[in-house]
Number of protein chains: 2
Amino acid sequence: MEKIVSLCKRRGFIYPSSEIYGGINGFWDYGPLGAELKRNVKELWWNTMTRQRDDVVGLEATIIMAPQIWKASGHVDTFSDPMIDCKTCKGRFRADQTNEIPCPQKPSKMVSECHGEKTAPRAFNLMFQTYVGPVQDASAVAYLRPETAQAIFAQFKNVLETSRQKVPFGIAQVGKAFRNEVTPRNYTFRSREFEQMELEFFIKPDEVVEAISGKAASAAEICSSGRESAHSENQSRLTSAATDHWGWEAWHKYWVEERIAFYESIGLPRNTLVEYWQKPEELAHYARATVDILYKFPFSKRDAQGELMGEELEGVAARGDFDLSQHERFSGKPMGVFDEELRAAWGKLPKEKQDELWRRYYENRRKYLAKMAKPEETPEQIEKSAHEDADGLAKGQYIPHVIEPSAGVDRLILALICNAYHEDQMPDEKGKLETRVVLKFHPRVAPIKVAVLPLLKNKPELVKKAQEVRDRLRPHMNVFYDDAGAIGRRYRRQDEAGTPFCVTIDFDTLGEKPELKDTATVRYRDDGKQERLAISELLGWLLVKIH
Amino acid sequence: MEKIVSLCKRRGFIYPSSEIYGGINGFWDYGPLGAELKRNVKELWWNTMTRQRDDVVGLEATIIMAPQIWKASGHVDTFSDPMIDCKTCKGRFRADQTNEIPCPQKPSKMVSECHGEKTAPRAFNLMFQTYVGPVQDASAVAYLRPETAQAIFAQFKNVLETSRQKVPFGIAQVGKAFRNEVTPRNYTFRSREFEQMELEFFIKPDEVVEAISGKAASAAEICSSGRESAHSENQSRLTSAATDHWGWEAWHKYWVEERIAFYESIGLPRNTLVEYWQKPEELAHYARATVDILYKFPFSKRDAQGELMGEELEGVAARGDFDLSQHERFSGKPMGVFDEELRAAWGKLPKEKQDELWRRYYENRRKYLAKMAKPEETPEQIEKSAHEDADGLAKGQYIPHVIEPSAGVDRLILALICNAYHEDQMPDEKGKLETRVVLKFHPRVAPIKVAVLPLLKNKPELVKKAQEVRDRLRPHMNVFYDDAGAIGRRYRRQDEAGTPFCVTIDFDTLGEKPELKDTATVRYRDDGKQERLAISELLGWLLVKIH
């Protein structure tokens with residue numbers, strides 16, 4: 001891992017934030033290559049998740065939002081770590097880490113063993129807090145969002161009403177989020193400022209699917225080979241014809257596979273990823289199922305067999321109707337939808353079927369309302385509300401459920417760099433083997449797609465020709481032009497930057513060998529092999545390779 | 001303006017942040033169309049400013065940085081508005097706005113006229129403040145960046161050392177910034193959370209240019225027709241051959257013209273823009289020249305002739321070596337560069353020329369050091385430092401100067417929407433004229449490039465063909481597929497979304513008229529004209545139009 005951290009600094013992928021002032025713990029900047037890599041990844045996610053689909057639209061919300069949002073989401077009350085204070089050294093420590101952290105005054109002992117007088121654990125909220133407006137009082141408190149998801153829920157109705165979408169559909173967002181981690185660690189993996197790519201995909205409750213389509217298919221029913229062995233290759237794209245009868249399990253499975261396919265498409269091999277289905281006791285209280293997609297980082301823990309266990313890149317959670325329900329109750333604004341198909345279908349159902357679906361919907365609502373009840377709410381009120389909610393079905397009304405694929409950008413960037421990092425032996429210009437560092441990025445994410453290199457800097461014809469090639473390619477991809485130093489060293493620099501192709505303009509290009517006029521050498525990053533291509537074909541050839 | 005605000009909400013360009021909780025003053029979210037528009041603009045800026053150039057690289061730094069950065073930049077001490085408190089009503093008001101703001105208790109009177117007892121004005125810092133880490137004390141204070149620029153200065157040496165760039169070169173960044181404005185206003189124009197696109201372009205001081213190239217060209221020397229009438233059309237792209245002798249005035253003028261050309265290239269006509277050269281008394285103390293690029297918003301003030309005066313989209317400032325010098329002094333880390341060309345040239349200069357350049361460089365450094373001196377610094381120390389700085393020239397050392405084009409994304413989005421908004425008369429399906437709202441975006445920035453519409457929803461052959469066309473275009477551009485409602489109404493919806501082209505699949509496409517088989521109707525947004533194109537030619541035709 002040290003070698004990767006060193007390369008990232010040396011080549012301008014990642015720097016410590018504010019380094020000239022000694023840095024600031026838990027904050028990292030992306031340099032020129034890192035910024036391009038990150039842009040490519042975010043653009044690919046956005047393109048895959050919104051632009052290439054009819055059923056997902058985008059949102060770009062603010063980082064600071066009304067504080068009630070974090071009350072509704074539960075973050076104000078429960079998004080905290082237990083902390084203890086030491087009255088002797090004045091230090092503050094995570095209560096669950098006192099066995100791992102050395103005492104600041106006596107580093108030979110851990111905090112749990114030292115003689116300092118400790119307070120009882122107290123909840124320390126992980127949201128960064130600030131004040132909005134000129135007066136710093138309780139009414140002006142606001143938070144930096146600890147996740148991008150809640151903005152999507154808060155704007156659900158606005159998007160629904162203005163985007164011509166109908167359930168099932170999704171809202172996607174990319175943006176910064178902040179968590180005041182007590183112990184930032186593992187380089188950029190757990191930092192205090194980070195970026196998320198989140199989709200909230202809104203679906204019909206199973207009772208609604210059943211009312212309309214006769215049944216709600218389970219995951220097993222849509223996957224020929226069942227949960228464990230279903231791979232993305234078997235997964236056809238969503239078509240509305242095929243999804244009408246999908247229940248939440250099917251949608252959840254669909255998104256897990258879509259997301260794994262995405263990681264594979266940008267160069268993370270399937271065997272570096274783990275699809276981890278959370279056990280019932282691990283699930284958040286609102287989650288019906290959660291799959292963590294893990295990448296086997298070099299710093300991951302190992303299991304009993306010595307295998308890397310992986311660290312989370314993304315969670316795909318089936319969150320029921322928890323989020324929209326919470327915002328409905330806290331804002332007093334209805335978050336449900338009206339579904340003409342449901343209303344029409346309901347009237348045609350036999351009475352027993354109506355009763356059965358009504359009962360199941362009612363039970364779900366009652367359970368939710370009872371669990372999240374405010375102290376002043378009586379059991380009678382809860383039953384009455386659940387009753388009203390279930391009565392809504394006949395009128396075509398319900399609160400959508402949510403499937404949430406939520407990915408961390410910075411973790412993914414780190415995974416891509418770890419996965420790309422290789423050292424191998426390659427002959428230098430004199431044929432002597434030397435150790436080479438190379439980043440084998442998938443061309444789709446590589447910060448630079450092609451380097452254009454005139455063989456010599458001091459031959460104007462070579463430089464002119466190389467610049468012509470650069471200018472021809474540049475409108476279509478990120479091109480790096482480099483004329484400084486021996487050609488072998490320039491290749492090595494591009495290897496370290498992860499540039500998949502180098503194009504060299506030499507005297508043959510200029511016609512020294514007439515049969516090679518207007519051709520150039522294309523060198524492959526991964527194996528150093530070279531071939532000769534006509535310059536006129538170069539753009540088309542590269543476009544196929546990088547897409 | 002009300003109509004524009006209403007359209008933005010209705011069509012999903014812009015929503016109030018946290019609207020279901022009553023909103024939060026000064027914060028705005030971008031809905032599906034707004035998010036796409038904003039992405040397009042940011043992508044075009046990034047592409048123009050970095051990827052299409054050899055001499056600019058990107059950076060993506062954190063929003064929270066070490067607080068010393070804001071000490072060095074002057075924001076901690078001087079980025080404030082004067083505020084007064086009313087001891088009677090407990091309100092807090094901007095001291096310069098008491099004549100404009102009604103008393104909260106007696107709204108018939110302005111704050112300046114009411115009887116409440118007021119405090120003297122006090123500085124209210126506009127940076128949002130928070131605490132990093134588990135302990136909330138003075139050492140943990142941090143700020144949300146009020147501009148993206150300072151991260152570029154703080155990382156200047158890291159980027160220089162890892163990116164293979166030499167002065168002159170630039171570092172570009174796009175990202176969020178925050179200002180706790182006392183009075184957010186004019187819709188999204190002045191908000192508390194906003195996004196910036198900033199370039200810091202580092203150049204050689206004029207003395208260095210002169211030492212190397214014999215002279216430093218002024219603006220007048222590179223513009224045939226002088227400052228006022230030089231237009232971007234006359235401005236050739238930067239080539240290193242042509243820029244060797246450019247002084248700061250030439251570079252400043254160059255960037256003003258580049259930036260105006262950018263705005264023209266995304267659809268803001270030259271006559272909606274104002275190139276405002278700040279008067280000497282308006283300049284910030286560190287600025288040698290600043291040009292504000294203004295757009296004539298509907299809410300802009302009017303001059304004596306009744307002309308809209310415009311509001312700032314972007315400032316292009318020549319900031320001398322102020323920023324890097326400040327960070328050098330506050331961090332104790334050298335921010336200068338070593339320039340082999342300068343070192344070599346200096347030795348060959350006649351003694352008198354050396355003395356003259358030394359003297360000018362020395363005087364500039366002395367002026368800067370004296371102005372920014374800390375209380376403990378004596379005049380002798382200042383002279384000694386300036387002396388050492390000037391001695392650096394002979395060793396090839398200097399602190400680069402900066403030209404800063406700094407643009408606000410949200411303001412630009414609002415300008416693009418205001419500029420695009422038109423109401424006109426267009427015949428409906430029965431030929432009757434009706435008023436139409438249309439957003440005439442440049443195709444480059446339009447959120448949706450093309451809508452694909454089957455004439456009828458209930459004809460499977462039409463739907464199938466339309467979906468084929470959609471799927472063929474989609475990998476290359478943002479496509480909207482819509483099959484709901486009368487075709488005329490669907491056109492109107494796309495007009496309001498600013499979609500430049502609609503493609504309609506009808507029975508002729510299917511071969512009802514054999515000579516029209518596999519053609520489709522393309523409808524132009526701006527005038528409603530239609531033409532018939534072969535589907536096989538559609539992609540190529542559209543790609544030319546939208547680029």
Side-chain angles (χ1 to χ4, degrees), chain A residues 10-12 15 17-25 27-32 34-36 38 51-52 54 57-66 68-69 83 92 124 128-130 132-135 144 151 154-155 157-159 162-164 176 180 182 192-193 327 331 333 474 478 481-482, chain B residues 10-12 15 17-25 27-32 34-36 38 51-52 54 57-66 68-69 83 92 124 128-130 132-135 144 151 154-155 157-159 162-164 176 180 182 192-193 327 331 333 474 478 481-482:
Chain A
R10 176 158 49 87
R11 291 312 313 267
Y15 314 125
S17 168
S18 317
E19 193 180 16
I20 59 172
Y21 292 100
I24 173 169
N25 191 11
F27 295 86
W28 301 91
D29 290 351
Y30 291 86
E36 288 293 340
K38 209 174 165 203
R51 289 182 177 171
Q52 296 306 315
D54 279 333
V57 295
L59 179 73
E60 199 183 307
T62 52
I63 289 168
I64 294 177
M65 299 188 283
Q68 298 97 309
I69 286 178
M83 304 289 292
R92 182 169 284 178
F124 168 74
F128 285 101
Q129 190 182 301
T130 191
V132 172
V135 183
L144 306 193
Q155 294 289 15
K157 287 303 280 282
N158 269 337
V159 174
T162 61
S163 69
R164 302 187 53 68
K176 287 274 179 99
N180 196 2
V182 178
R192 286 168 167 161
E193 178 175 337
H327 286 294
S331 72
K333 302 286 192 306
R474 184 166 268 172
N478 205 15
Y481 176 83
D482 188 3
Chain B
R10 176 160 48 86
R11 291 312 313 266
Y15 314 124
S17 169
S18 317
E19 192 179 18
I20 58 171
Y21 293 99
I24 173 168
N25 191 12
F27 296 86
W28 301 90
D29 291 351
Y30 291 86
E36 288 293 340
K38 208 174 166 203
R51 290 183 178 171
Q52 297 305 315
D54 281 331
V57 295
L59 179 73
E60 200 183 308
T62 52
I63 289 168
I64 293 177
M65 299 187 284
Q68 297 96 309
I69 286 178
M83 304 289 292
R92 181 169 284 178
F124 168 72
F128 285 101
Q129 189 183 300
T130 191
V132 172
V135 182
L144 306 193
Q155 294 289 16
K157 287 303 281 282
N158 269 338
V159 173
T162 61
S163 70
R164 303 186 52 67
K176 286 277 178 99
N180 196 2
V182 177
R192 286 170 167 159
E193 178 174 337
H327 286 295
S331 71
K333 302 284 192 308
R474 183 165 269 171
N478 206 14
Y481 176 83
D482 188 4

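Numbered from 1 within each chain, the chains take letters A, B, ... in sequence-line order.
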Ranking B:Arg164, B:Arg92, B:Arg11 by heavy-atom pairs under 4.5 Å to chain A gives rank one to B:Arg164
For [X], which atoms come within 4.5 Å of any heavy atom of chain A: side chain, backbone, both, or neither?
X: B:Phe128; result: both
X: B:Arg474; result: both
X: B:Asn180; result: side chain
X: B:Lys176; result: side chain
X: B:Met83; result: side chain

Most heavy-atom pairs under 4.5 angstrom with chain B, which of [options]?
options: A:Gln129, A:Gln155, A:Arg10, A:Glu19; value: A:Gln155
options: A:Gly34, A:Gly133, A:Ala151; value: A:Gly133
options: A:Gly12, A:Ala154, A:Pro32; value: A:Pro32
options: A:Val132, A:Thr62, A:Leu59; value: A:Thr62
options: A:Phe124, A:Tyr21, A:Tyr30, A:Phe27; value: A:Tyr21
options: A:Asn158, A:Ile69, A:Asn25, A:Thr130; value: A:Asn158

Toward chain B, the part of A:Lys38 with a non-hydrogen atom under 4.5 Å | side chain
Residue pair [X] / [Y]: nearest heavy atoms and the distance that separates them:
X: A:Ser17; Y: B:Met65; answer: OG-CG, 4.0 Å
X: A:Gly58; Y: B:Ala35; answer: C-CB, 4.2 Å
X: A:Gly23; Y: B:Ala66; answer: O-CB, 4.5 Å

Could you check if a side-chain atom of A:His327 sits within less than 4.5 angstrom of a side-chain atom of B:Ile20, using non-hydrogen atoms only?
-> yes
Report yes if the side chains of A:Ile64 and B:Leu144 come closer than 4.5 Å at any heavy-atom pair, otherwise no.
-> yes
Would you say the side-chain atoms of A:Glu193 pair up with the backbone N or O of B:Ile63, donor to acceptor, closer than 3.5 Å?
-> yes
NZ/NE/NH1/NH2 to OD/OE distance under 4.0 Å, B:Arg51 and A:Glu36 | yes
